[in-house]
Amino acid sequence: MTKLTGPKKIDTAVFISGTGTNLSSLIKFSLKKRSPIIIKVVVSNKSKAKGLNFAKKHKIKVNIFKFNLKDDQKILNFLSKNQIKLICLAGFMKILSKKFIKKFEGKILNIHPSLLPKYKGLNTHERVQKKNEKFSGCTVHLVNSKLKSEKIILKKKVKIFKKDTSKKLAKRILKQEHIIYPKAILKLLSSL
Ligand code: GRF
């Protein structure tokens, strides 16, 4: 009796620079039977990124690159050697070159801690509070090479309370990031 295996899982790379809590939640998601992805490699620009511990714990290949322009081809070669078809940026703090993005156009996702297109850039929690916004949130979007606004895949609104410190707001939003990232992957892959 031939073993019935489901559809081939999509070989995925996750890029991180820091704590890696989104990486951890993506690993958990990838290990679910029905998950459409398998995380083959974790890439970082920081050899000491705490999040790399999650990759090591799950015996996922790790590779560190400086992500300066001359690294592009090396990184692309590494990704193609591992048949990577989907890239998830998760707390990744380097800007990818246009050349790199073009190679993976439509297949690079990123999670951003605001309700895009509002509050692009850094320090989003402090900025929304300074503007007395009632809501903030998080957004998963496609990374594209053109300057036009990047295609939003999924976002989640989070209410801001008067007594919120930016740390407390960040913590509440981060929890929602872990929920919407896997959902955004399912939504993207079902639309391909
Ligand atoms: C998260 O707020 C994410 O939105 C931003 O980086 C922060 C840290 O994420 N891009 P992680 O814990 O490293 O996944």
State whether the side chain of [X] and the backbone N or O of [Y] hold a donor-acceptor pair below 3.5 Å, judged by distance alone.
| X | Y | result |
| --- | --- | --- |
| H58 | N53 | no |
| S17 | M93 | yes |
| S136 | S114 | no |
| T12 | I37 | no |

Does a donor on one side chain and an acceptor on the other come within less than 3.5 Å for K28 and S24? yes

N144 and K151 side chains, donor-acceptor separation under 3.5 Å: no

Quick test of your reading of the model: are D11 and K40 salt-bridged, counting only N-O distances below 4.0 Å? yes

First locate atom CD1 of I153, then atom CG of L186, and finally report the distance between them rounded to the nearest 0.5 Å. 12.0 Å

With rounding to the nearest 0.5 Å, note down the distance linking CG in N45 to CD1 in I16. 9.0 Å

Taking the six-membered ring for Trp and the full ring for Phe, Tyr or His, determine whether the centres of Y181 and F29 are under 6.0 Å apart. no

Would you say the ring centers of F67 and F92 fall short of 6.0 Å from each other? yes

May I have all residue pairs that pass side-chain hydrogen bond (donor to acceptor under 3.5 Å, both in side chains) and include part of residues 155-165, sequence neighbours excluded? D164-R172

With respect to S30, which candidate in P182, C88, S35, P36 satisfies the side chain to side chain contact (heavy atoms under 4.5 Å, CB included) definition? S35

